[in-house]
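The structure appears below as structure tokens.
Every chain is numbered from 1 and lettered A, B, ... according to where its sequence line falls, protein lines coming before strand lines. What's counted below: heavy atoms across the whole structure, side chains too, no hydrogens, waters or symmetry copies.
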Amino acid sequence: MMKRVFSGVPALAGLMVLLVSSSAFAAEASGIDTGDTAWILISAALVMLMTPGLAFFYGGMVRSKNVLGTIMHSFIILCIMSVVWVLWGYTLAFGPDIGGFVGGLKWIGLQGVGQEPAPLAPTVPHLAFMMFQGMFAIITPALITGAFAERMKFSALVVFTVLWATIVYSPVCHWVWGGGWIGAKLGALDFAGGTVVHINSAIAAITAAIIVGKRKGYLQEAIMPHNLPMTILGAALLWFGWFGFNAGSALTSGGLASLAFVTTNTAAAAAAMSWALAEWGHRGKPTAFGAVSGAVAGLVAITPAAGFVSPLSAILIGIGAGIFCYLAVNIRPKIGYDDSLDVLGIHGVGGLWGALATGLFASTAVNSGGADGLFFGNPSLFTAQVLASVATILYSGIATIVILKLVDWTVGLRVKEEEEVEGLDLSQHGETGYNL
Amino acid sequence: MKMVSAVIKHFRLDNVRKALTDIGVEGMTIIEVKGFGRQKGHMEVYRGVEYEVRFLPKIKIEVAVSDEKLDQVVDVIQEAARTGEIGDGKIFIYNLQDVVRIRTGERGEEAI
């Protein structure tokens, strides 16, 4: 996304100005392209659907007594972040740069954000760009909830979300896409959010899993997914929405969006098959749960690379994602921490692999606005990818520890043991998912 | 009167039902149950986490019968539910004190 913003789009935007200015439909502010605008608005809606999709993906994996509590995590974050983004999230991420670290308060409450061309996407209205970016700010904290599923206090989740979005998401988003140090100076590539969304949320997740602690009975009693068809439905919605996430990150509706669409679909499919094959060889049976987990791992891994690599590279990135993430989730119970729904195993490992793979497979022959990776003769991009990942891991990890401790000392992070046994649905929300 | 209660494999249920109706049994109750016997459980793996499933799903059927029909019913169930493998289940037989047909108030064998 940022590379297109900083080098790919100006030429395209100039062309659009010429085309639109002679058009009878040029009633909008100059430079706005209706095709691009339509695609960004549709993409924003597609990415919105990913968060309820994630709710089902996670909801099916927990025990039936926690299904509503788990779905509610994602749903309430959709609501909280929609408002936080308008009030101060957007300006902290995309406002005028302050020292490469955070955006200024120029656009607080969306003052000055209107129908004019977006500064970072000159062919679409600023409001459309803001809303598209807002959907990323929504799903990122929702991804974290898989780590502390089945034991987090609802009030703690609400406070944590507001603090984390403000202190972690907006600055990291600024570093990479908003004109901050990673995108503008280091020159690392992140097409649609490998570092900002996936590495960032996964590090926060593993930090939270350790601080909140294991679920009662973890690895001692059977804690099995209660509805895997629901999980598969959620994964399907994620895959569908991911076309907006990645192809929308082209911020235009032309060839670059088409490339990202193709690499996204290809990597997801390759990763689903490689996970299922790894499982088949290792355990003797390919599971449906494994296939959909692999698809999500592939979607995660292709995210930073989607607009910079060829479809053949996307197959290799997908195969790697399926295998690496399969290994990661198999190691989890042996280490003993309870990242309940494998946020680290899928988004952390898949995101890190995707960030590094971008440094390997990126090619200017595919996208002249990108850069060449290690396999195309440019080792410096790989180094930049490593530095961007390490910086995100360190900042997200440390800031998340501070936020969680703060929430623990004030409202308390975890439900009482009795409430955990009863289930979050009854103890936190006073209702049950299934009344038969 | 006797209550015949049998734990059987799911896929034998239709067989058992047909065999019982063929000898004139006019009603039965079934329930899905879990349990263990000589048949061992199995492993299930969810994203690398292994769970040993110790209780296996079975079907429990209950049939109320008159004393003179008891042996025939038990034989028919045993024959229809049998596969010869471990895990075919068991048949339990209890004394049945009384039966009431709710609609008419008939009691005893009349109500079976």
Do [X] and [Y] have side-chain atoms, one donor and one acceptor, less than 3.5 Å apart?
{"X": "B:Glu44", "Y": "B:Tyr46", "value": "yes"}
{"X": "A:Asn330", "Y": "A:Arg283", "value": "yes"}
{"X": "A:Trp239", "Y": "A:Asn265", "value": "yes"}

Query - Proximity breakdown for A:Ile223 and chain B, heavy-atom pairs closer than 4.5 Å - result: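 For A:Ile223, heavy atoms of backbone and side chain both lie under 4.5 Å from chain B.
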Query raised in the report: chain B heavy atoms under 4.5 Å from A:Leu327: which part of the residue, side chain, backbone, both or neither?
Result: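 No part of it gets close to chain B.
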Query raised in the report: Between B:Glu52, B:Glu50, B:Arg47, which has the largest tally of heavy atom pairs under 4.5 Å with chain A?
Result: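 Answer, by heavy-atom pair count under 4.5 Å with chain A: B:Arg47.
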Query raised in the report: Within a radius of less than 6.0 Å around CD of A:Glu221, do more than 12 heavy atoms belonging to other residues, nucleotides or ligands occur?
Result: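 More than 12 within 6.0 Å, yes.
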